[in-house]
Amino acid sequence: AAMIDDYQANQNAIACNSIRRFRYKNEEVYYTPLNAGIAGEKLSAEDGTLLLYADVSFSVNLVRRTTWLLLFALAGLSAALIVMERKSASALEQRDAEMKAFFANASHELKTPLMAICGYADGIRQGIVKPCEGLDVIEKETDRMSVLIGNILELSKVDSGAIVPQIAENDLREILYDAAGVILPAAKQQGIELLLDLPDPIMCLCDESMIFSVVSNLLTNSLRYAQSRISIEAGRGTNGQEVWIQVLNDGPSISKADAAHIFDRFYKGEKGQSGIGMSLANEYVAVHHGQISVSPVEGGTLSRVVLPVPKKEKTCNKCLGG
C-alpha cells in the first residue's frame with residue numbers, strides 16, 4: 001500500500017519502465033511501472049498501471065548490519081592495537097631502563113674488587129703492603145669478583161630464556177648438607193653453629209644445581225648477620241602438595257623495608273652488601289614455580305623456600321613407598 005501511494009504521488013515524474021527506489025521504515029523496495037498488457041494482471045494501481053517490484057530489505061539490512069559490525073570490530077581492533085603498542089613501548093622502555101641500571105650497577109660492583117686488587121698489588125710492588133696481607137685481600141676480592149661475574153652470567157641466561165632446568169629426583173637433605181658444608185669453615189671462624197634438622201628423606205623433582213645455589217645464597221646471607229647459630233630445616237607440607245626449606249639465623253631481625261626489596265638486583269639494605277645473589281635465588285625458585293621469602297621473626301630472620309610437588313613426583317614416591 002505504501003509503495004502504491006508513493007507511485008500515485010509521483011507518477012507524473014516516473015516514466016513507464018523506469019526503476020524507482022522506495023524506502024519505508026526498515027523496508028527497501030525497487031519497483032517499475034509497466035503497461036498492464038505487457039506485464040499481465042498482477043498488482044496494479046487504481047489507474048490500471050502494473051507495478052513490478054523487488055523487495056531487497058533483507059539483503060540491504062544484512063549488508064548494513066555486517067558493515068557496521070565490521071566497522072565496530074575494526075575500531076575495537078585498532079584501539080586494542082594502539083593500547084598494546086603503548087604497553088609494549090612502555091614495557092620496552094622500562095626494560096631498557098632496567099638493563100641500563102643493571103649494567104651500571106654491575107660495572108660499579110666490578111670496579112670495587114678491581115680497585116682493591118690493583119691497589120694492593122701496587123702496594124706490594126712498592127713495599128708499602130706486606131705480601132702475605134696483600135695476597136689475602138687480592139684472593140678474597142678475586143673470589144668476590146668471580147662470584148659476581150658468575151651470577152651476572154646466570155641472570156643473563158635467565159633473562160634471555162636460555163636457561164633450561166635439569167629436573168631430576170633429588171633428596172633435599174643432600175643438597176642442604178652440601179650447601180652447609182661450603183659455609184662451615186667460615187661459620188667456624190666466626191663462631192657460628194650450624195644446626196640441621198633433617199630426619200627423613202625429602203624427595204623432590206628439581207634442578208639440583210639451582211636449588212643448591214638458592215640454599216647457598218640463603219646460608220651466605222644468614223651467615224653475614226647471625227650471632228651464634230643458624231638453623232636449617234626442611235620438610236613436606238601437610239597437604240602433600242609442596243616441600244619447604246627454612247633457614248633461621250639469630251641475628252637482628254630484618255626490617256620490613258629491606259625484606260620488601262631484598263630480591264631486587266643490587267639492592268643494598270641497612271648494614272648489608274649489594275649484589276645479585278638473592279635476586280638469582282628468586283629467579284631460580286620462580287623457574288621451579290615456587291615461592292621464596294625473607295621475613296623478620298622473633299629472635300632473628302627467617303628465610304623460607306616452598307617448592308610445589310609435580311604430579312610425576314607423587315607417582316615416584318608412591319612407587320618407592322610400595
Side-chain angles (χ1 to χ4, degrees), residues 102 105-106 109-110 112-113 140 143-159 163 165-166 170 172-187 190 192 194-196 198 204 206-226 229-234 243-255 258-297 300-307:
F102 175 77
N105 290 327
E109 292 297 319
L110 288 172
T112 303
K140 178 181 177 181
D143 291 340
R144 177 184 169 190
M145 188 167 58
S146 177
V147 170
L148 181 59
I149 292 173
N151 287 340
I152 290 174
L153 292 175
E154 286 299 307
L155 272 178
S156 67
K157 291 180 182 178
V158 172
D159 290 340
I163 191 167
Q166 303 298 316
N170 295 283
L172 285 183
R173 297 181 309 166
E174 296 181 5
I175 298 176
L176 293 172
Y177 280 126
D178 290 343
V182 173
I183 70 162
L184 184 58
Q190 299 179 33
I192 305 298
L194 297 183
L195 304 174
L196 283 82
L198 309 169
C204 175
C206 63
D207 184 304
E208 181 179 6
S209 62
M210 286 187 182
I211 301 304
F212 175 83
S213 177
V214 171
V215 177
S216 294
N217 277 295
L218 294 181
L219 291 177
T220 301
N221 200 56
S222 294
L223 184 61
R224 190 176 298 132
Y225 299 99
R229 67 181 182 277
I230 297 175
S231 301
I232 306 168
E233 298 179 334
V243 294
W244 53 266
I245 300 168
Q246 289 188 169
V247 177
L248 173 65
N249 73 76
D250 64 347
S253 298
I254 188 172
S255 68
D258 285 346
H261 297 282
I262 193 170
F263 299 113
D264 294 349
R265 299 179 183 185
F266 296 106
Y267 175 75
K268 185 175 182 179
E270 184 180 356
K271 298 180 182 180
Q273 297 181 3
S274 59
I276 53 177
M278 293 299 286
S279 179
L280 183 61
N282 184 45
E283 296 290 349
Y284 281 163
V285 172
V287 168
H288 287 77
H289 306 289
Q291 295 179 334
I292 183 172
S293 63
V294 178
S295 56
V297 295
T301 298
L302 178 67
S303 303
R304 181 177 173 87
V305 175
V306 178
L307 301 175

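Just so you know, these numbers come straight off a predicted model, no measurement behind them.
- Taking a 6.0 Å sphere around CZ of Arg173, one finds it holds more than 12 heavy atoms contributed by other residues, nucleotides or ligands.
- Rounding to the nearest 0.5 angstrom, the gap separating the CD1 atom in Ile232 from the CD1 atom in Ile183 is 6.0 Å.
- From Asn221, atom CG reaches atom OG of Ser216 across 12.0 Å, with rounding to the nearest 0.5 Å.
- For the atom pair Leu176 CG and Leu194 CG, the distance stands at 11.5 Å (nearest 0.5 Å).
- For Pro296, the side chain to side chain contact (heavy atoms under 4.5 Å, CB included) criterion is met by Ser253, Ile254, not counting sequence neighbours.
- Rounding to the nearest 0.5 angstrom, the gap separating the OG atom in Ser231 from the CG atom in Leu196 is 9.0 Å.
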inquiry  = For a side-chain contact (heavy atoms from CB on, under 4.5 Å) check, start with the C-alpha distance between Tyr284 and Asn217, then their side-chain angles and the critical distance, and finish with the verdict.
reply    = CA-CA 11 Å; Tyr284 281 163; Asn217 277 295; over 6 Å; no
request  = Take Leu307 and Gln291 through the test side-chain contact (heavy atoms from CB on, under 4.5 Å) and record every step on the way to the result.
outcome  = CA-CA 7 Å; Leu307 301 175; Gln291 295 179 334; over 6 Å; no
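- We find the CZ-CG distance between Arg229 and Leu195 to be 7.0 Å, quoted to the nearest 0.5 Å.
- With hydrogens and angles ignored, the 3.5 Å screen pairs no side-chain donor or acceptor of His288 with any backbone N or O of Ile211.
- With sequence neighbours left out, the side chain to side chain contact (heavy atoms under 4.5 Å, CB included) criterion links Asn249 to Ser222, Tyr225, Ala226, Ile230, Thr301.
- Distance CG/Leu172 to SG/Cys206: 6.0 Å, rounded to 0.5 Å.
- Looking only at distances, a side-chain donor or acceptor of Asp207 sits under 3.5 Å from a matching main-chain atom of Gln166.
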request  = Please lay out, stage by stage, how Val247 and Leu219 fare under the test side-chain contact (heavy atoms from CB on, under 4.5 Å).
outcome  = CA-CA 7 Å; Val247 177; Leu219 291 177; 3.8 Å; yes
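- Of all non-hydrogen atoms in Val243 and Cys204, the two that sit nearest each other are CG2-SG, 3.8 Å.
- Nearest heavy-atom pair across Val294 and Ala259 is O-CB, 3.4 Å.
- In this structure Gln246 satisfies the side chain to side chain contact (heavy atoms under 4.5 Å, CB included) test together with Glu233, Trp244, Leu302, Arg304, sequence neighbours excluded.
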task = Evaluate the criterion side-chain contact (heavy atoms from CB on, under 4.5 Å) for residue pair Val214 and Val305; output intermediate values, then yes/no.
result = CA-CA 9 Å; Val214 171; Val305 175; 3.9 Å; yes
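- Here the closest non-hydrogen pair linking Ala281 and Ile292 is CB-CD1, 4.2 Å.
- Residues Pro185 and Gly181 come closest through the heavy atom pair CD-O, 3.5 Å.
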